[in-house]
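First listed ligand is number 1; within each ligand, the first listed atom is number 1.
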Amino acid sequence: MEEVVIVGAGIAGLATAVALQKVGVRALVLERSKELRTTGAALGLFPNAWVALDALGVSDKLAALYAPIERGYITDVKNKLTREVHYPPSNRTGSQARAVHRKVLLEVLAEELPPNSIRFSSKISSIETQVEDGSSICIVTLDDGTIIKSKAVIGCDGVHSIVAHWLGLRPPVYSGRSAVRGLSVFPKGHGLDHGHAIQQFVDVGTRAGFIALNDKEFYWFFGATCPPKGMERGADPEVIQKEVMEIAAKDFPPVYLDVVRHSDLSTLTWAPLMFRYPWDILFGNLAKSNVTVAGDAMHPMTPDLGQGGCSALEDAVVLGRHLGDSISKHGKLETRDIGFAIESYAKERRLRAATLITASYLSGWVQQDGSSRLTRFLRDVVFYGILLARVVRRIAQYDCGKLPSASSLP
Ligand SMILES: Cc1cc2nc3c(=O)[nH]c(=O)nc-3n(C[C@H](O)[C@H](O)[C@H](O)COP(=O)(O)OP(=O)(O)OC[C@H]3O[C@@H](n4cnc5c(N)ncnc54)[C@H](O)[C@@H]3O)c2cc1C
């Protein structure tokens with residue numbers, strides 16, 4: 001019998017396993033892929049994520065590799081006007097936003113775990129619970145028929161989560177938008193002055209941007225309300241690159257097109273942008289019989305505020321804290337205490353997750369229209385001029401707290 005089974009070795013799954021191990025709970029992570037999945041290439045981590053990474057004990061390692069993002073430039077493709085946005089350090093925690101490779105983030109988290117904590121090529125196909133000796137136990141079945149019993153299951157299995165489905169949460173919905181992401185490599189260095197600022201370009205129904213990860217690599221994205229032709233899951237990266245450069249973003253500034261031209265094709269992916277209705281999070285079952293969800297499995301959101309991964313890290317720390325508090329109080333982790341800790345975690349995350357989904361959706365909606373005077377006014381004057389920096393600062397100042405100190409644990 002495992003103590004805890006975590007389904008999925010993405011950001012949420014690995015961060016949760018690290019948080020649990022820090023409070024003395026051993027978790028087995030089941031991942032359907034053969035290795036760590038790095039779809040999406042890179043991501044922006046805002047100050048709230050760095051607070052969580054600090055609690056997980058890996059922030060220094062990562063911060064040493066990536067420069068902070070201090071500002072952004074947003075250019076209107078039609079009239080070429082550019083405005084500057086500042087991303088100051090959080091005045092609560094002093095942390096700053098940084099863009100990081102997904103691979104590096106996942107590897108740094110995985111390195112914190114004891115050997116054999118992650119079992120690859122292990123796709124779960126079903127989950128059930130039953131009562132044994134008066135305690136509820138969880139049973140997960142893998143594709144190959146293997147059965148694993150545990151005291152708790154944490155579903156970190158992404159947008160199309162089997163665990164969320166088992167909890168009775170309604171499936172996420174399509175936002176009507178999709179995005180391409182990838183890395184670009186300039187072997188001799190990109191030499192861009194504003195490399196560590198987020199450069200964004202907006203047009204009617206499209207928004208794109210890039211940010212340097214280091215002197216040689218950029219992370220870039222392209223989002224659109226109508227998917228460019230030929231875009232589908234698993235689409236040929238050459239087709240994706242050609243579509244973006246020659247059709248969808250053909251009027252974008254040369255600097256953007258040059259970044260796309262230098263793409264490492266193996267990193268290019270296209271994805272429809274999905275989200276869960278915030279009311280499903282506020283009123284739905286986020287936990288049942290020692291089973292819960294974290295990360296995209298709980299709160300898939302559109303990426304407009306770059307908070308999906310950041311909030312997955314918050315989830316991990318909050319869940320670890322509730323389990324750790326229970327251990328410090330009772331001396332060990334009893335099955336019935338797990339249920340209580342998981343309920344408290346779900347209660348704490350409900351409002352935060354629903355707020356992030358709503359804020360992300362609205363900011364995506366306002367940024368990606370620009371077809372009329374009114375929508376341009378809302379986008380350029382109200383959102384970029386007044387709201388963006390405040391919304392990002394407010395959301396990113398969130399402090400998920402710390403894990404119980406080792407000395408308070410038995
Ligand atoms: C275009 C775009 C840009 C984004 N930009 C940002 C950003 O800048 N900042 C940010 O914080 N977030 C960003 N996000 C969001 C972020 O990518 C996600 O929120 C984050 O990756 C969620 O991590 P996760 O671990 O919950 O899910 P995932 O990364 O989806 O991981 C789920 C894991 O579970 C595994 N799995 C699934 N089903 C099973 C099963 N049945 N059995 C076993 N394993 C299973 C999968 O193989 C996968 O490894 C962006 C998203 C998109 C689409």
Side-chain angles (χ1 to χ4, degrees), residues 5-17 28-50 52-53 69 97-100 102 105-106 109-110 118-127 140-144 146 148 153-166 172 175 177-182 198 207-209 211 213 219-224 268-276 293-316 353 356-357 360 364 392 395-396:
V5 160
I6 293 175
V7 187
I11 299 171
L14 294 178
T16 303
L28 173 67
V29 185
L30 301 174
E31 168 57 48
R32 68 178 169 189
S33 307
K34 283 194 242 125
E35 56 192 359
L36 294 176
R37 262 180 81 239
T38 54
T39 311
L43 79 169
L45 293 179
F46 288 86
N48 54 318
W50 291 96
L53 290 167
I69 305 170
R98 287 174 161 84
V100 308
R102 279 180 188 258
L105 173 61
L106 295 181
L109 289 168
I118 310 172
R119 202 180 288 175
F120 291 103
S121 304
S122 300
K123 179 177 180 189
I124 77 145
S125 52
S126 73
I127 168 168
V140 295
T141 307
L142 306 190
D143 244 10
D144 63 5
T146 309
I148 300 173
V153 170
I154 320 294
C156 301
D157 46 343
V159 180
H160 303 288
S161 165
I162 289 184
V163 182
H165 178 75
W166 182 85
S175 66
R177 297 187 292 127
S178 60
V180 174
R181 288 170 287 173
I198 307 179
R207 188 159 68 87
I211 170 110
L213 293 161
Y219 162 61
W220 68 266
F221 63 91
F222 178 85
L268 292 201
T269 49
W270 170 88
L273 303 180
M274 313 288 292
F275 69 103
R276 177 159 275 133
V293 274
D296 277 10
M298 182 198 280
H299 42 66
M301 61 187 77
T302 55
D304 309 283
L305 293 173
Q307 279 293 329
C310 302
S311 53
L313 293 166
E314 293 176 2
D315 291 341
L356 288 176
I357 292 174
S360 299
V392 169
I395 276 175

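- Checked against ring pair (Phe, Tyr, Trp, His ring centres under 6.0 Å), Y219 has no partners two or more places apart in sequence or in another chain.
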Before giving the answer on side chain to side chain contact (heavy atoms under 4.5 Å, CB included), spell out for V7 and V29 the whole-Å C-alpha distance, their side-chain angles and the decisive distance to 0.1 Å. CA-CA 6 Å; V7 187; V29 185; over 6 Å; no
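- Applying the salt bridge (charged side-chain N to carboxylate O under 4.0 Å, His left out) test to R98 and every residue at least two apart in sequence or in another chain returns nothing.
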Kindly determine whether H160 and D296 satisfy side chain to side chain donor-acceptor pair (under 3.5 Å), including the steps that lead there. CA-CA 8 Å; H160 303 288; D296 277 10; over 6 Å; no
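- Every protein residue with a heavy atom nearer than 4.0 Å to ligand 1 is included here: V7, G8, G10, I11, A12, L30, E31, R32, S33, R37, L43, G44, R102, S122, K123, I124, C156, D157, G158, I162, A179, R181, Y219, L273, G295, D296, P303, G306, Q307, G308, G309, C310.
- With sequence neighbours excluded, the residues forming a side-chain hydrogen bond (donor to acceptor under 3.5 Å, both in side chains) with T146 are D144, listed by chain and number.
- A salt bridge between R207 and D304 is present, with a side-chain N of the basic residue lying under 4.0 Å from a carboxylate O of the acidic one.
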